[in-house]
Amino acid sequence: MPDLLIELLSEEIPARMQARAADDLKRLVTNGLVEAGLTYAGAVAHATPRRLALALEGLTEASPTTTEERRGPRTDAPEKAVEGFLRSTGLARDDLAVKDDKKGRVYVARITRPGRPAAEIVAEVLETTVRTFPWPKSMRWGTGSLRWVRPLRRILCVMTREDGAEVVPLEIDGLVAGNVTEGHRFMSPGEIRVTSFEDYAAKLKRAHVILDAGERAEAIWHDATNRAFAAGLEVVEDRALLAEVAGLVEWPVVLMGQIAEDYLDLPPEVLQTSMKEHQKFFSVRDRDGRITRFVTVANRETADDGATILDGNTRVLSARLADAKFFWENDLRVARAGMKEWLEALGNVTFHAKLGSQRDRIDRIAALAREIAPSVGADPDLAERAARLAKADLSSEMVYEFPELQGLMGRYYAEAAGEPAEVAAAAQEHYSPLGPSDDVPTAPVSVAVALADKLDTLAGFWAIDEKPTGSKDPYALRRAALGVIQLIVSNSIQLRLNAEEEGPVDGAFWNLANAGFGRWFECEPLWTDLATADADKVWIDPDKTSLLAFLHDRLKVHLRDEGVRHDVIDACLTGDRTDDLADLVARARALNAMFASEDGADLIQLYRRAANILAQAEAADGVEYSFGADRKLAGTDAERALFDAIAEARPRIDAAMEAEDYPAAMTALAALRGPVDAFFEAVQVNAENAILRRNRLNLISEIVRAGTRIADLTRIAA
Amino acid sequence: MTRPDTPGSFQEIILRLQSYWAAQGCAVLQPYDMEVGAGTFHPATTLRALGPTPWTAAYVQPSRRPTDGRYGDSPNRWQHYYQYQVIIKPSPPDLQELYLGSLAAIGIDMALHDIRFVEDDWESPTLGAWGLGWEVWCDGMEVSQFTYFQQVGGHDCHPVSGELTYGLERLAMYVLGADDGNAMPFNAPDAPIPLTYGDVFREAEAQYARWNFDVADTAMLEQHFRDAEAECRRILDQPATDPKTGRHIVMAQPAYDQCIKASHLFNLLDARGVISVTERQSYIGRVRTLARACADAFLLTRAGGHDHAA
């Protein structure tokens, strides 16, 4: 069985696209071959900056011959129908067989499709693959109409058998497939003829091309760490950078250079970011964690062992770091003067046309952080101060140059300004968490600012009706909502998001999202915008509700990862405290834990039965059975036992609920399982005697109400 | 480590590029006689990239970016600088090799240096143009932009032009081993009157920085912007047939001059700091509208492939 080798040689492919492209090549070609009836034993794909390669092992020589039997019209059908059938099958009337069918005698066509040689199929599949390749961005060149990521220069397509290799005949847009490739652009220019994948990989290696990206990355990392180790240093690990650099070279040569003394005082993150973003350098640190050197990866060996290359790279780095140092020193001057200049500048930066400037936004966040502070154990003055300064670094030159350093620079600058440590920490931490796996701040001041920031974002975009829809979430509101949830849940913060009058925070969220809206309208232009644009939307209630519903949806996603069932959360969305997310989560977790115990699961079934009986009776009778049941009217032992069990459980449930100890409340509730079970075994609820019936329904109602305090158990799926 | 084939001055690098590309068959043009932000603005690139007619040109283009002014004090930033521009339509299959040849011509020894093609997609929002290509690195230094034009003025490019842009100051600093651009020799260092780059430009840099940042009359600039915009439209609104000569004369290039003017006036206003974030987008959009209209008009000229008989 033949092996197949395909190589698509092009001008330089962007590093970030290579791995995906190798996978796509493998997927599209193998799928195409299999669909056409071929099979293969194994496939492997590779990418370098200039080529995609695919090697298939053990390909079948041809697709199998297939026969299909197709039923046609009855033999006595009109001539037209028979002719149509012949046309569609491509057969003559004599080729048709006749069979007995339920419908009578019908024509049957046997269509035989002969197998096709593999090379023919390969040529077709490869052409389709090249013409429809899913590059993230593709282009045309010269006078052609073919699209590829950059100009496609050669196609190599060779089938190898024991008795030799043959080129698969194929032409795409003037490119004729052959058995020729090229080595390293500079170190081994010229054509290379190959006969098989083994031959190809070996010849490429001699021509200074390491085909396998993993092998290149490994070689880079191995050499880099060795060099650093020999100098008593350590390379800062960066997998994304390693993958990128492995995509920029075919023949990696690691060089280590020195960072000029002048720049060693820059914050390590600045050095690292500047080197990585601009130059694709790895950072190398000493035993004290100071970044003192860099590793660059060249694409070639030279007679001077890379001295010229390293010298050039060092000079480029110095120019870059001179810029960074210039920004850093300018920024420190502003920071030490109290950052006023930056805060004023933020007044000219639009956050969103309808939501005012960054300055307006900071005013709102500061006020909200102050309100939230007591609930999270933070000092209100510090929380407000931190919120006022948290975004100041957005005006700094360093963050303008390296946006990814926002927050971190804020911390450095707040420290330089002599701000308290909590305020400086909040500047960095208030952006967190940025995703499900990100660290959640725990320092109270940071938590207050982080919550205020995210709540303001959510409330603001809700107010102007810029909600996420489908896959569109341009303002990352889902992430903000998840951030709120993570902050509240992991810090167990009691916060009534909707509270109007009472609760630990006096309507912080309410004020923002709804009627109060005071802070929104303190800003004159904003008031005008909102008033003229969507004033009605801002003031109506449903928006507030749907923002809470949005948070609940996000909470479901969050808890699902923890293994809490969807319907469990739905069941807990009852009562008037669903805006207290920490409480909601505690109830959901307790209820979820109940499923783990046999008693719990059974109890939920019993509870559903009770609730159903009660609901039916209430619907039929048009009354609510919520009046105290009387033990004196109990007619059976099972009934009396249930009365006693409820009497005993009730204070325990009450106490547990009071203490918000939901697992204890669940345990107390679960203790009713035996008596409830026995009750349903022994007692007919819908008794003939109306008094007995009413008493029993009232008894059931007590069970149902006891459960409802924790969750609406009827919403649990059976 | 100066070797005999290493150029000794800024102007020698330009001269070598000129002879190299002339030898490759390019028409060596002179700079366009207007203020532009980059070599791409030269009609020899922007307009000639449109339509089916083959084209090949190389030229130096003095360029102005008012916001980059540093009063002549920066070692590597000037508000007036030079770009070397090559455009070939259709892009030849060996354009990368031709480009590498030009580096060799200015003394970059491929056996000692590390040349890379690093992804960099080019887009000009003011010209309604984009292309795919690379920034070319020499030992980690970006020395050129290499672009295959896909669209200009909102039109698909067919055939595709290959465009090479060399930032001459940066490239020269690298080749000449100068850390301070102002100190690099402009003419031969052993000439009777040797001049550095700074001798030629430094004083003017300070003057323009002052004017660009603090003195330029913004009301006048705004008026000139509106004038250029209006004149561009008026030119394009003229009928294609000239009433005097009776000939088909679509005035794409005079209209495009006004578009270039508007673009530079916008850059000046930007340097004066009088354009807010939202206004910025609107100015860019206005220039793009002009560029598109000029591109449409160019396609109605003979150079743009318009068949007059049709």
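When reading the values below, keep in mind they use all heavy atoms of this one structure, side chains included, and skip hydrogens, waters and symmetry mates. Reminder, nothing fancy here: chain letters follow the sequence lines and each chain counts from 1.
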Notebook entry, point to check: When only pairs under 4.5 Å are counted, which of A:Ile13, A:Val316, A:Ile309 shares the most heavy-atom pairs with chain B?
Noted result: A:Ile309
Next item on the list: Would you check, one step at a time, whether the test side-chain contact (heavy atoms from CB on, under 4.5 Å) holds for A:Lys280 with B:Trp137?
Entry: CA-CA 12 Å; A:Lys280 319 286 181 208; B:Trp137 287 14; 3.7 Å; yes
Next item on the list: Name the region of A:Ser138, side chain, backbone, both or neither, that has any atom closer than 4.5 Å to a heavy atom of chain B.
Entry: backbone
Next item on the list: Applying side chain to side chain contact (heavy atoms under 4.5 Å, CB included) between A:Thr143 and each of B:Pro54, B:Pro90, B:Pro52, report the one that passes.
Entry: B:Pro90
Margin query: Strictly distance-based, threshold 3.5 Å: is any side-chain N or O of A:Arg140 a donor or acceptor partner for the main-chain N or O of B:Cys157?
Written below: yes
Next item on the list: With a 4.5 Å cut-off on heavy-atom pairs, point out which of B:Gly133, B:Pro92, B:Gly131 contacts chain A the most.
Entry: B:Gly133
Note to self: Checking B:Arg116 against A:Glu12 for the side-chain contact (heavy atoms from CB on, under 4.5 Å) test, could you report, in this order, the C-alpha distance in whole Å, the side-chain angles of both residues, the deciding distance, and whether it holds?
What the structure shows: CA-CA 9 Å; B:Arg116 301 281 192 88; A:Glu12 277 73 358; over 6 Å; no
Next item on the list: Salt-bridge test for A:Lys137 and B:Glu119: reply yes if a basic N is under 4.0 Å from a carboxylate O, no otherwise.
Entry: no
Margin query: Closer than 4.0 angstrom, basic N to acidic O: yes or no for A:Arg150 and B:Asp120?
Written below: no
Notebook entry, point to check: Out of A:Met187, A:Glu301, A:Arg185, A:Gln279, which one racks up the most heavy-atom pairs below 4.5 Å with chain B?
Noted result: A:Arg185
Note to self: Please identify, among A:Asp311, A:Val149, A:Leu248, the residue contributing the most non-hydrogen atom pairs under 4.5 Å to chain B.
What the structure shows: A:Leu248
Check: Got a second to check how far A:Thr296's OG1 is from B:Asp114's CG, nearest 0.5 Å?
Finding: 7.0 Å
Notebook entry, point to check: Given B:Tyr148 and A:Glu11, is the side-chain contact (heavy atoms from CB on, under 4.5 Å) satisfied, shown in steps?
Noted result: CA-CA 12 Å; B:Tyr148 292 100; A:Glu11 298 181 5; 2.5 Å; yes
Item checked: Working for side-chain contact (heavy atoms from CB on, under 4.5 Å), residues B:Arg77 and A:Asp323 -> CA-CA 11 Å; B:Arg77 231 179 254 284; A:Asp323 280 345; 4.2 Å; yes
Notebook entry, point to check: Heavy-atom distance under 4.5 Å to chain A: side chain of B:Glu142, backbone, both or neither?
Noted result: neither
Item checked: Segment of A:Met17 engaging chain B (4.5 angstrom heavy-atom cut-off) -> side chain
Notebook entry, point to check: By a 4.5 Å heavy-atom criterion (distance strictly below it), what part of A:Val249 contacts chain B: side chain, backbone, both, or neither?
Noted result: side chain
